[in-house]
There are 2 protein chains.
Amino acid sequence: MSRPTETRRPLTLRDVSEASGVSEMTVSRVLRNRGDVSETTREKVLQAAKALGYVPNKIAGALASQRVNLVAVIIPSLSNLVFPKVLSSISDELEDTGLQPVVGVTNYSPEKEEQVLYEMLSWRPSGVIIAGLEHTPAARAMLENAGIPVVEIMDVDGEGVDSVVGISHRRAGLHMAEAIIAAGYRRIGFLGSKMPEDHRARKRLEGFQEGLAKAGIELADTEFYAGGSALAKGREMTETILKRTPDLDFLYYSNDMIGAGGLLWCLDQGIDVPGRIGLAGFNGLDLLDGFSVRLATMNACRGEIGRKAAQIIAGRSQSNMIGGEVIELEPVLEPGDTIRKA
Amino acid sequence: MSRPTETRRPLTLRDVSEASGVSEMTVSRVLRNRGDVSETTREKVLQAAKALGYVPNKIAGALASQRVNLVAVIIPSLSNLVFPKVLSSISDELEDTGLQPVVGVTNYSPEKEEQVLYEMLSWRPSGVIIAGLEHTPAARAMLENAGIPVVEIMDVDGEGVDSVVGISHRRAGLHMAEAIIAAGYRRIGFLGSKMPEDHRARKRLEGFQEGLAKAGIELADTEFYAGGSALAKGREMTETILKRTPDLDFLYYSNDMIGAGGLLWCLDQGIDVPGRIGLAGFNGLDLLDGFSVRLATMNACRGEIGRKAAQIIAGRSQSNMIGGEVIELEPVLEPGDTIRKA
DNA sequence: ACCGGCACCGTTATCGCTAACATACGGCGC
DNA sequence: GCGCCGTATGTTAGCGATAACGGTGCCGGT
């Protein structure tokens, strides 16, 4: 009820050691469960620590031991819904390894990414998980020189610094194109975000166009957006593109959220999906489970990506084997109800 | 192209100081922009640091200066969509204060919260922003003894440790009840999550029931869920509750996501909304902008909450004024299209 | 009685950086 | 010339923990 001390000086090991009558070293051993301590002193120490409300100072600990139990996780955005998913699979996997993820957000800006990376590396984490393969030269240099395991995730189309876990967005786009063509669609439009720094979306589009080209087809129209609620944007863009190019018979969206918006708009308009027009998105958001008509999409293996990445970091922080794994996962087409059955 | 050194020993201030021919202290001053350094040496040092690829060690810096530029932000979940929003407003507000948010997630578990808090406090952050007012006794004690500004956010119905920024969920529920009754609805059902630790949802329900009681009405039926895609669950639950109690004329959902699922189901079924049945959710997700029929909801001021909380932390970390502010924000009813006009 | 080994615990020396103080130096006023 | 000030830099002493090693009992074997 009354304050333990007058001026609240933060507690240190010394306080606990004095309170329990043993040396700081022994207290440290007890608190870390490391080294031999008799059961009786262990009890004494724990009791004293609890009574004082002692919280160890990891800053000092990390400096002395040269070990930090943090893993830097750097992603472009939290509002994308994709990334929280990856994040949670990372933290699940890290749960009982003693490692802890720390998140940094770049807003799809390479400069911000460089900043965030610098900031995080200055805490000397035991590993870095970072989205994408495209970084500023300085950022890349930092990753190479950090001397810790680095896992670049989400994308395998390019050269990685160290380990890489992801899917080929190029091939994902290509496969989607093939599926669409196989289903008999020919007048195809693309709708996506304007962000020039979303390399994965760009690669999907490139792969998609390549797939179309193989069948001698070109994109009939495209529409881009920036900012705002993706669902609402999907709705607007769909209306816009169909007004401009009414004979489109398929719309490929760069993500599920705008795809879902487009789907809602089509349903509202009473358009026959997938007869008159087919739709597909990308990501496999479980959000889509809530629609009566299920949008075709491609599962981006987000959970698996996070898990593998975490495993690599955890594995390498124990045994210091030399890394450089590249794990390519295979995205799965989920045809849903918005592509005609062939 | 070739590695700078054979065995890559992490760089220290000493390396930079040797490379630039000045003392470590001067290098430190340059890198922190603190104290007087002549322009010429500043240049020399910066150049050396860049050439070596030096990244400062904040661990050592923090230990020496007893200052850490981190703010712990502790929230129940990242998949709720509400919290990423709060997070981003916090980090926007902190952007140019030199402070940096670090996120911890509790999964709505008080024990996990206690763990995460302990973990974060052991890094000696300059402040804590934590969701909710309900904590374990140990967690509360830690917050009280940490000697740093603490802001509990989202909720004001209860006793805070230090500062509090949020809305009254009890009153939010109550107001929603009044609005619904004013619109002429009488057979009212509630649909929500089963989580016993979601105190804010509980308080909304209590306030809602209180509002109904004032008009001499009781909840006609309730339905709860746990886990899974909220949109899909909303759909299922709505079907279930309406099968069980067909004469309900209003459904109050504990969040917008399940509300949206319910709305989709009603539209699919061709049910007249808001004539035959009214619907309302809670949170004001901008996701809802994408629907042709807009769900009634209540804006929970998430952006404002994050901003104010960050301001309090930032303000107090500069001038050490004594805290204890309580800021109650006023949620706004957004009637949308799913409540009859009175 | 002596020695080796084990279980337990203390001492010392960092870890990389910064606060606080000390020093060097040039210029200025008197 | 002397003292003094201000600027630009160096020196010293920690910050709070841990690694590495050094004791100290106690036991059992010989």
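Labels below follow one simple rule: chain letters A, B, ... track the order of the sequence lines, proteins then strands, and each chain is numbered from 1.
- If you take CG of B:N57 and P of C:dT18, they are 9 Å apart, rounded to a whole angstrom.
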Sequence-aligned protein contact record of nucleotides 7-15 of chain C, with B where the base is within under 4.0 Å of a protein heavy atom and S where only the sugar-phosphate is: -SBBB---B

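- Here A:R32 pairs with nothing under the salt bridge (Lys or Arg N to Asp or Glu O under 4.0 Å) rule; sequence neighbours left out.
- Rounded to a whole Å, the CG atom of A:N69 is 15 Å from the P atom of D:dA17.
- For the pair A:V71 and A:L94, the minimum side-chain heavy-atom distance is below 4.5 Å.
- Between the CG atom of A:D15 and the P atom of D:dG16 there is a distance of 9 Å, given to the nearest Å.
- B:Y54 has no side-chain polar atom (N or O) that falls below the 4.0 Å cut-off from OP1 or OP2 of C:dG16.
- Residues that satisfy the side-chain contact (heavy atoms from CB on, under 4.5 Å) test with A:K58, not counting sequence neighbours, are A:N69, B:E119, B:S122, B:W123.
- Rounded to a whole Å, the NZ atom of B:K58 is 14 Å from the C1' atom of C:dT18.
- Within the 4.0 Å cut-off from OP1 or OP2 of C:dA19, at least one side-chain nitrogen or oxygen of B:R67 is found.
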I'd like to know whether A:Y108 forms a side chain to side chain donor-acceptor pair (under 3.5 Å) with A:N80, so could you lay out the CA-CA distance, the side-chain angles of the two residues, the decisive distance to 0.1 Å, and finally the verdict. CA-CA 11 Å; A:Y108 290 98; A:N80 196 311; 3.2 Å; yes

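- Here B:D36 does not pair with B:R42 in a salt bridge; the nearest charged N to carboxylate O distance is not below 4.0 Å.
- Between the CH2 atom of A:W123 and the P atom of C:dC17 there is a distance of 13 Å, rounded to whole Å.
- Proximity of A:R124 to the phosphate of C:dG16: no side-chain N or O atom is located under 4.0 Å from OP1 or OP2.
- Side-chain contact annotation: B:S38 with B:T41, donor-acceptor N/O pair under 3.5 Å present.
- Distances shorter than 4.0 Å separate some side-chain N or O of B:R32 from OP1 or OP2 on C:dT18.
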